[in-house]
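Written below as structure tokens is the structure these notes are about.
Keep in mind that the numbers below use all heavy atoms, side chains included, and drop hydrogens, waters and symmetry copies. Below, read A as the first sequence line, B as the second, and so on, with proteins coming before strands; counting in each chain starts at 1.
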Amino acid sequence: MQYVEDIFRTLLTCAQGMRITMRHLLFTDNITVQYPDHKRVLPERFRGVLHADSTKCTGCTLCARACPVNCIIIEFEGKGKDRRVARFEIDISTCMWCGLCVEACRESAIETTLEYEISCYVQDDMRLKFGLGPKKEQLPAERAEPPAPQAPSSGQTGGPSTPPESPGGSAPGGQQP
Amino acid sequence: MQPVTASVGAPDLKDRLDVLLTYLPSFLSSHGEIVSAVFLLIVALAVLLGVSVYVCLAVWLERKISADMQDRLGPMRVGWHGVVQMLVDPVKLALKEDLCPGAADRPFFMLAPFVVLAASFATFAVMPFSAAFILADLDIGVLYVASVGAGVLVGLVMAGWASNNKWALFSAIRTIAMLVSYEIPVGLSIVTVVMMVGSLSTQKIVLAQLSDAGMAGWHLFRFPPVFMVSFLVFFIAGLAEVNRTPFDLAEADSELVAGFHTEYSGMRWSFFFLAEYADMLIVSMLGTVLYLGGWAPLTVTRPLTIDFWVFWGMAALLAWYLHWLWTRIYLPRGEYGLIVVQTAILIAIALALLVVPSLAWFLIKSLALIFVMMWLRWTLPRPRIDQLMYLCWKVLIPVAFVNLFVVGVMRLYWR
Amino acid sequence: MEAIDLIFWILALVTCGSAVVVALSPKLIHSVFALFFALLGVAGLYAALGADFLAAAQVIVYIGGILVLLIFGVMLTNRIGQSHLPNELTHGVSGSILAALVLVAVLRFAGAWRDSGDPAWARTYRSDEVSQLAKTERIPAVKNTTMTLGVHLLTTYVVPFEVASVVLLVAMIGAASIARKEVD
Amino acid sequence: MPTLAPSLTNCLMISAIMFACGLFCVLARRNPVSILMGVELMLNAANLNLVAFSSFVHPRSYHLGHCFAIFVIVLAASEAAVFLALLLSLYQQLQRTDVDAIQSLKG
């Protein structure tokens, strides 16, 4: 009879569930830790905050192309031996930690670190800047720029530290040859 | 498993507390009505205070137990494993602002928490904490508990209506439907016990279960399957009566924000909280009184009785568990020397239990039931409202009726 | 003044005051909640008069049942968007006159402004007389109302008792069939 | 002179006041819920009288009034159940709760 069977199955499944919770109460260790005091040992290949070594970087923008969310902005200047990465920014508020950029890089210039505590007070701090900066003669021009630490539209459309002589910096994704 | 005939009569007053509570009132009443009234008031306030302390403790325990069941840590910051949390929470609530929404029905909005709280706390008047420690041994004790529950219902509805908030109102409607339905199985399962005892007085019900055989005298083990079913019905319906998960549809936070106390804050909100936990205690205490022998202690010293096996078996299990825990946390496995120490400690605790007053037995049994409630809460999901009604009207009530009939026949032929 | 007098006085005040609020409150829901306190007061009066079982029954049935039904009725049959449901008076003047007349008449019979002693029907027994009666006529002096009530309901009044249960059943079936939506 | 003590006269007076309030509710209100509340008040007043008489006047059989009061409570309960059903069907048909609106005998 379905009715009686249902009642017994209800009781049985309740008991089963209670056994499971009791097992977790008594015999299972806590997974969570008391965070700022104790931190879990991270696995070796943990994908944390990205770090780019702009001395290794050739400016090929393969990483920026590989990025599904376009959070990497690369600008470079000069030709041949003078070619240098002037601007290399990663917007980690957009980054989704997929690691595709790391796989795309031929020079191992961009890497994931074990760092994961990325809270900050200013939104601009979420944009990690690894670029070598513009050449020295261009520096005064940049200094002349009025400082705008919190640009309202500082998503992918170029940060506040966009050099004035590079209008392409405002292009979405910053994919520039 | 026929119980030894209960020795109904004047209980053996071996507890110091009971001796005090038996002779003090008569001594005080010889000094006039006012003195004894003041004494009664003090005892009542002590019960109130005790319940408040229990609520603080239960909230902390619930947080820790739920956390551990979900492999979390729970409160850890304030004090050792967050123990001081139970002092900090009420202080925080007391310091919060007491808000009243502009569109609310102000007088009843203000009044509702007090109605709920008063109704909850009034129930403790008939709870037999021990042979002498009962505020009022009414002839209609159990009926009184059932009737005071109606006050809680009205208070909740009052809160839900006066908030002038649609979720609160939905919650009020659900509360009415649910509580009115679940009163029936609770009442029917209470009646089975009342039929066995022949009295509504809570104290007499406990005395009827008092026997030399200890556990075998409990109503739970009478006519083996019958009263267990009765207890199960009582407990399930009692869970619904106190709005506990899995039956907390009145405050289902995924649907109705927080139900009837959506608009409340500060102390008034804490009154609802207090009342909810006090209600849990009431249902557990009532279950203890009706089925688990109330304050009757276990007779663990007599060898080869059921009590003996159950009690020492559980003690051994606990010793084994403590040893397991100890080796797991602090030491590598295989340190078997410790088990001797731990077993010794446990035996000491168990021996200490033998001399604890009946009040402690009562509290231990009630708190065990409360633990089961918490256990269930963190195990089961919440049913839909129609499933809830199905459970009540099509499962619990028929089962309770059949059970009542069986108990009636039993009572008629096998006294 | 003894304690029981004070309690009785408070209960009387609560009951009468709530009853007046029930009658005169301009908001429907206030009336319902005032009825709660009136019923509670009556239960307290029962308890003060020694009818403890009746007091509990009063609370269970009236507050747990009828009052809740009333609230349910209010909630289901009004647009409950606004909590301030008005409660209009139609025949306020005539109603109040009639009610006042009845009040005065009943109070007169009940004993207000009565100069001479109690009439024969209102002869009350003092406690010593009760104990005397208990001795002579074997009436239990201790009022265990629950037991006495149970015995009498199942012996003396067994026919009304059974009829009452049939009435309840009929009322339940009738209510279900009236409230049922027409399904054709 | 009435005293404060629980006496027959005092109980009768309380119940008289309750009865008058209930009567006023029944006579002057239009909402059926209010009318039922009036009826309940009157029933309670009657019950109070029964209990008072049985505990003060008739010590020989104090159960008599209590039994009667229990029957009154039973009847009040069944009455309330039927009332709620009527109220609901009235609201379903007329979309308002007003006893003045019930003017036809046809269902």
Side-chain angles (χ1 to χ4, degrees), chain C residues 5 8-9 12 15-16 19-20 22-23 28 31 35 42 45-46 48-51 54 57 61 65-66 69-70 73-74 76-77 87-92 95-96 98-99 102-103 106-107 110-112 122 124-125 130 133 139 145 148-149 152-153 157 160 164 167-168 171-172 174-175 178-179, chain D residues 2 4-14 16-25 27-31 33-34 36-37 40-41 44 47-48 51-52 55-57 59-60 62-63 66-67 69-71 73-82 84-89 91-92 97 100:
Chain C
D5 297 351
F8 186 81
W9 182 233
T15 312
C16 295
V20 170
V22 169
L28 183 58
S31 296
L35 187 66
V42 172
L45 285 175
Y46 287 166
L49 292 175
L54 210 54
V61 177
I66 294 173
L69 270 185
L70 282 174
V74 172
L76 289 181
T77 58
N87 193 9
E88 308 98 7
L89 286 171
T90 40
H91 312 287
S96 51
L98 206 55
V102 170
L103 177 66
V106 177
L107 279 181
T124 52
Y125 286 75
V130 173
L133 273 173
I139 301 164
T145 55
T148 323
L149 264 182
H152 279 285
L153 277 180
Y157 304 110
V167 166
L168 274 176
M172 197 172 77
I178 291 171
Chain D
L4 296 183
S7 69
L8 181 62
T9 315
N10 285 351
C11 287
L12 293 187
M13 282 203 232
I14 293 166
I17 293 171
M18 279 178 69
F19 190 86
C21 291
L23 191 65
F24 178 78
C25 261
L27 290 177
R29 296 289 191 196
R30 280 205 321 221
N31 195 314
V33 174
S34 242
L36 187 79
M37 280 196 284
E40 299 299 344
L41 270 183
N44 261 288
N47 261 356
L48 188 59
V51 173
S55 44
F56 287 114
V57 173
R60 217 170 304 184
Y62 58 87
H63 62 272
H66 293 191
C67 285
I70 281 182
F71 289 128
I73 288 178
V74 167
L75 287 181
S78 53
E79 169 217 338
V82 175
L84 183 73
L86 282 174
L87 183 68
L88 284 182
S89 70
Y91 184 70
Q92 275 169 13
T97 50
D100 291 349

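Atom CG of C/L153 is separated from atom NE2 of D/H66 by 11.5 Å, given to the nearest 0.5 angstrom. Taking CG of C/L103 as the reference point, atom CZ of D/F19 lies at 10.5 Å (rounded to 0.5 Å). For the atom pair CG (C/L45) and CG (D/L48), the distance works out to 5.5 Å, reported to the nearest 0.5 Å. Here the CG atom belonging to C/L28 is positioned 5.0 Å from the CE atom belonging to D/M37, to the nearest 0.5 angstrom.
For the residue pair D/L87 and C/G73, the shortest heavy atom distance occurs at CD2-CA, 3.8 Å. When all heavy atoms of D/I14 and C/F8 are compared, the closest pair comes out as CD1-CZ, 3.9 Å. A pairwise comparison of heavy atoms in D/L23 and C/L98 identifies CD2-O, 4.3 Å as the closest pair. Across D/F24 and C/A23, no two heavy atoms sit closer than the pair CE2-O, 3.5 Å. For the pair C/L54 and D/A69, the tightest heavy-atom approach, listed with the atom from each and the gap, is CD2-CB, 3.5 Å. Annotation for C/A175 and D/A85: closest pair O-CB, 3.2 Å, computed over non-hydrogen atoms.
Counting only heavy atoms from C-beta outward, the side chains of D/L41 and C/V22 approach each other to under 4.5 Å. With contacts defined as side-chain heavy-atom distances shorter than 4.5 Å, the pair C/L168/D/V74 qualifies.
For a residue to count as touching a neighbouring chain, one of its non-hydrogen atoms must lie under 4.5 Å from one of that chain's; by this rule C/V20 touches chain D with backbone and side chain alike. Interface residue D/L84: only side-chain heavy atoms are found under 4.5 Å from chain C. Only the side chain of C/L35 comes within less than 4.5 Å of a heavy atom in chain D; its backbone stays farther off.
Put simply, of D/V51, D/L88, D/L36, the one with the most heavy-atom pairs under 4.5 Å next to chain C is D/V51.
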